[in-house]
Structures are given as C-alpha cells and as structure tokens.
Q: 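Dumping the structure here so I can ask a few things about it.
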2 protein chains.
Amino acid sequence: MKPPSEKTAGRRSSRPSFEPLQPHEVELADFFVRMAGILGVPRSVAEIYSLLYAASAPLDFDQIQGRLGMSKGSVSQGLKFLRDHEMVLSVKAKGDRRERWQPTPSLAASLVTLLRSQVLPALELAQPSLQRVLEGAQKKGASPEVIERLGRLNRWNARALELFPLLLPPPPGS
Amino acid sequence: MKPPSEKTAGRRSSRPSFEPLQPHEVELADFFVRMAGILGVPRSVAEIYSLLYAASAPLDFDQIQGRLGMSKGSVSQGLKFLRDHEMVLSVKAKGDRRERWQPTPSLAASLVTLLRSQVLPALELAQPSLQRVLEGAQKKGASPEVIERLGRLNRWNARALELFPLLLPPPPGS
DNA sequence: GCCATAGTTCAAAAATTATTGAAATGTCTG
DNA sequence: CAGACATTTCAATAATTTTTGAACTATGGC
C-alpha cells in the first residue's frame with residue numbers, strides 16, 4: 001500500500017502532504033465557511049465538509065488532513081462534529097482498516113440536524129425560566145406593559161417549542 | 001470632567017452606579033444572552049436589550065450603563081447595533097437633552113431584521129461564486145455525482161435568495 | 001499477545017472577538 | 001457662540017474560541 005521507503009511522503013511532523021486545493025475547491029470552501037459562520041460553526045469544520053462535498057469519492061483521514069493542511073486534532077474533532085450532526089457518513093471497504101468519509105446525501109437534512117441541536121436545547125431551557133421571570137415581574141409589581149411583553153415572550157417560546165419538532169422532525173436514529 | 005467630589009454616586013472611573021439587577025432581570029438576561037449567542041450577537045448587546053425589555057419605562061444612556069455596569073463604549077456600540085437592526089427606538093421627552101430607549105413593539109419584526117442582515121448578504125455573495133464553482137468542477141471533469149451536488153446547491157441558493165424577501169420582507173424604511 | 005496503524009484527547013498556543021476608557025466629536029442651551 | 005453635556009470612536013486590553021501536536025487509547029492482523 002505505502003512505499004516502504006518513504007512512508008506516506010510524510011514530512012517531519014506527522015502531516016501528510018497531498019495535492020493542494022483547486023481554485024474551485026477554495027471558492028466552495030469560502031461559501032461553506034461563511035454559511036457556517038452564521039451558525040457559529042468553526043472554519044475547520046466547514047472546510048472539511050466542503051472538501052468532502054466536492055470530492056468525487058470518499059476521502060480518508062489522511063487525505064483530509066493532507067489536502068487541507070490541518071492538524072490531526074482538528075480533523076478528528078471536525079469529523080466528530082460532522083458525525084454527531086449526521087452531516088457525513090463513513091464507508092469502509094472490506095479488508096480496509098481506515099474509514100472513508102462522504103457527505104450525507106441530503107444537505108437539507110444535515111442543516112435541520114444542526115439547527116435542532118442549537119435551537120431546541122435553548123428553547124427547552126428557557127421555558128421554566130421565562131415562567132419564573134414573569135412571576136417575578138408580577139410580584140414586583142411591574143407595569144402592565146412589561147407583564148404583557150413577558151407574557152407574549154412566554155407564549156412565543158411555548159409555541160416555538162411545540163412547533164419546532166413538527167417543522168424539523170428528529171431523524172429516525174435518535 | 002471627573003467628579004472632584006462625587007456626582008451620580010460615581011465610583012472611581014466615570015461609571016454611574018444604579019440599583020443592581022433584580023433576580024428576574026438576571027434570569028431574563030440569561031435567556032436573551034443564550035438566544036443571541038445562537039445568532040452570534042455579543043453578550044453586551046443582549047444584556048442591553050434584555051434590560052430595556054423588562055423595564056417599565058424607557059431608560060437613558062446612564063441608566064443602562066449604571067445598571068449593567070458596563071463601559072460607555074459598550075453601551076454606545078450596543079445601542080448602535082440595536083438601532084441599526086431596528087430592535088430599539090428612542091423617545092425624547094420635550095425639553096430633555098438625552099435620549100431614552102425602549103424595545104421596538106414587535107420582537108418578531110426585530111428578529112426578522114436581524115436574520116435578514118445576516119443571511120441575505122451571504123446568499124447574495126454566494127450566487128456568482130457557486131456558479132463558478134460548478135463550472136470549475138465541470139471543466140475539471142468531476143464525477144457526475146459531484147456535478148449533481150453542486151447543481152443542487154446552486155438551485156437551492158437561488159431559490160433561497162428569491163424566497164427570502166417574500167418570507168421576511170424588508171421594513172418600509174429601507 | 002504484540003506490533004503497527006488509526007484515531008482521540010486535552011493542555012498549551014494562536015487566532016479571533018468583545019470590551020474598555022480616554023480622547024474626539026457633535027449638539028443643545030443659555 | 002461658549003461651554004457643558006451626551007454620545008461616538010478606536011487603539012489597547014481582556015476574554016473567548018479555535019487550532020495544534022504530542023501523548024494516549026483502541027483495534028486489527030499476524
């Protein structure tokens with residue numbers, strides 16, 4: 001598999017080197033990085049996803065690391081993030097030790113998973129808290145306007161919490 | 001400039017001190033800070049909005065600074081952000097020099113403005129870029145699968161760009 | 001079991017983003 | 001229009017987030 005003499009062409013510190021990114025791959029990465037930014041997803045994660053998205057075949061760990069020129073740690077954490085959000089999946093050819101990664105078929109579904117994981121916990125956490133805030137304000141004798149605002153906020157949150165799962169249903173495997 | 005003796009009960013460096021936050025105000029701030037975090041809005045901005053949201057009457061600059069214990073710079077920038085996104089508006093009592101701030105009536109509308117400002121520019125920027133990426137991939141003879149993926153991404157972006165203004169129409173004053 | 005390979009962990013370093021505050025810039029008011 | 005007051009600006013600092021890499025763990029093949 002590997003040339004016995006020179007390992008994987010590995011330079012000094014374990015960072016395999018591969019063909020640098022093509023211009024169109026760079027431009028796609030820019031796109032994904034910007035979009036990811038809006039959702040607070042780190043650059044390295046977006047770059048990995050982008051690379052897989054534009055790849056004609058699944059890529060393994062070393063190929064990802066090599067072509068993006070990033071550290072093992074980042075690749076590992078990035079793939080973990082993408083796995084956790086069901087944005088990539090691995091195929092393993094039989095008799096092959098390493099995993100090879102490709103994007104999940106539906107980007108739409110991936111985004112849903114991502115949004116769910118960010119928004120749902122926040123909504124759930126908020127519910128009892130907002131309740132208490134409203135009570136606190138009432139007890140303190142806040143103005144009717146404030147009471148009205150806080151009540152509206154409560155109802156909104158409740159409705160969002162109830163609607164969200166309908167709009168973005170959880171994937172079967174969770 | 002600085003109080004030789006003592007002005008608004010100001011401590012050392014020009015920071016007026018006011019009544020500290022009530023428990024329910026703190027809890028509401030936590031909520032807004034968390035939600036803002038999802039959209040990448042800084043804590044200080046969320047705190048200001050939260051304070052105004054729970055306030056029975058509009059607050060002026062010094063009250064905001066004092067009750068939140070933050071710097072003048074942060075209050076100024078925070079209010080600018082909120083103003084720019086039409087999340088607060090100022091009322092000025094006649095014969096009064098300072099502005100007094102309150103949240104815009106509709107939180108929903110505020111969120112729309114915020115989302116627009118984040119997402120629309122990204123979508124617009126992406127359009128020509130994605131076009132080029134697709135062409136680049138075609139020229140490079142990428143696999144049919146990749147071409148299909150990139151084509152889908154293009155159509156998505158175009159559709160989003162076209163739908164977004166319908167879903168979240170720009171406010172009259174812009 | 002043992003070695004080699006594949007991937008993970010996590011503390012430290014680097015990069016990014018937010019906040020501060022002192023100086024600058026208005027702008028009302030007398 | 002002068003001077004006080006309200007707000008903005010922005011370079012410096014602080015806080016936070018991301019990335020790195022070396023040590024560690026896990027797994028498969030012999």
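Lettering of chains follows the sequences in order, A, B, ..., and the numbering in each one begins at 1. This structure is a prediction, so every number in the text was calculated from the model and none was measured. Heavy atoms only: backbone and side chains are in, while hydrogens, waters and symmetry mates are out.
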Q: Answer yes or no: side-chain N or O of B:R97 and base N or O of C:dT27 forming a donor-acceptor pair under 3.5 Å.
A: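 Flag set: donor-acceptor pair detected.
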
Q: Would you please confirm or rule out a distance under 4.0 Å between OP1 or OP2 of D:dG21 and any side-chain N or O of A:S71?
A: no

Q: What is the distance from CG of B:D96 to C1' of D:dC5, rounded to the nearest Å?
A: 12 Å

Q: Could you check B:K80 against B:D84 for salt bridge (charged side-chain N to carboxylate O under 4.0 Å, His left out), going step by step and ending with a plain yes or no?
A: CA-CA 6 Å; B:K80 174 169 178 13; B:D84 288 351; 2.9 Å; yes

Q: Within this structure, what is the CD-to-C1' distance between A:Q65 and C:dT8, rounded to whole angstrom?
A: 13 Å

Q: Starting from P on C:dT19, measure out to CD on B:E47 and report it in whole angstrom.
A: 8 Å

Q: For D:dT7, does the base pair up with any side-chain atom of B:K72 as donor and acceptor (N or O, under 3.5 Å, distance only)?
A: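 Flag set: donor-acceptor pair detected.
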
Q: Using whole Å, what does the distance between atom P of nucleotide D:dA22 and atom CE of A:M70 come to?
A: 18 Å

Q: Distance check needed: C:dA18 C1' versus B:K80 NZ, whole Å only.
A: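 Interatomic distance, NZ of B:K80 to C1' of C:dA18: 16 Å.
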
Q: At under 4.0 Å, does any side-chain N or O of A:S44 touch on OP1 or OP2 of D:dT19?
A: yes

Q: Using the rule ring pair (Phe, Tyr, Trp, His ring centres under 6.0 Å), only one of B:F31, B:W101, B:F32 pairs with B:Y53; which is it?
A: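 Checked B:F31, B:W101, B:F32 against B:Y53; only one passes ring pair (Phe, Tyr, Trp, His ring centres under 6.0 Å): B:F32.
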
Q: Taking for each residue the nucleotide of DNA chain D with the nearest heavy atom, is it B:D60 or A:G73 whose nucleotide lies nearer the 5' end?
A: B:D60

Q: In the structure I gave you, are the side-chain heavy atoms of B:M87 and B:V41 within less than 4.5 Å of one another anywhere?
A: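 Of all side-chain heavy-atom pairs linking B:V41 with B:M87, none is under 4.5 Å.
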
Q: Using a 4.0 Å heavy-atom cut-off, does B:R83 contact any base of the nucleic acid, only the sugar-phosphate backbone, or nothing at all?
A: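 Since only primed, P, OP1 and OP2 atoms lie under 4.0 Å of B:R83, the category is sugar-phosphate.
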
Q: Assign each of A:S76 and A:R43 to its nearest nucleotide of DNA chain C by heavy atoms, then name whichever residue's nucleotide is nearer the 5' end.
A: A:S76

Q: Of A:K92 and A:P42, whose nearest nucleotide on DNA chain D comes first from the 5' end?
A: A:P42

Q: Rounded to whole angstroms, how far apart are CD on A:E99 and P on D:dG28?
A: 10 Å

Q: Taking any heavy-atom pair under 4.0 Å as a contact, classify B:Q77: base, sugar-phosphate, or nothing.
A: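 Result for B:Q77 = base.
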
Q: Quick test of your reading of the model: are A:R152 and A:E148 salt-bridged, counting only N-O distances below 4.0 Å?
A: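 Yes.
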
Q: Whole angstroms only, please: what is the CG-C1' distance between A:L68 and D:dT18?
A: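 That distance rounds to 15 Å.
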
Q: Do you know which two heavy atoms are closest between A:S106 and A:A109, and how far apart they sit?
A: OG-N, 2.9 Å

Q: How long is the line joining CZ of B:F81 and C1' of D:dT9, in whole Å?
A: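 Whole-Å distance recorded here is 18 Å.
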
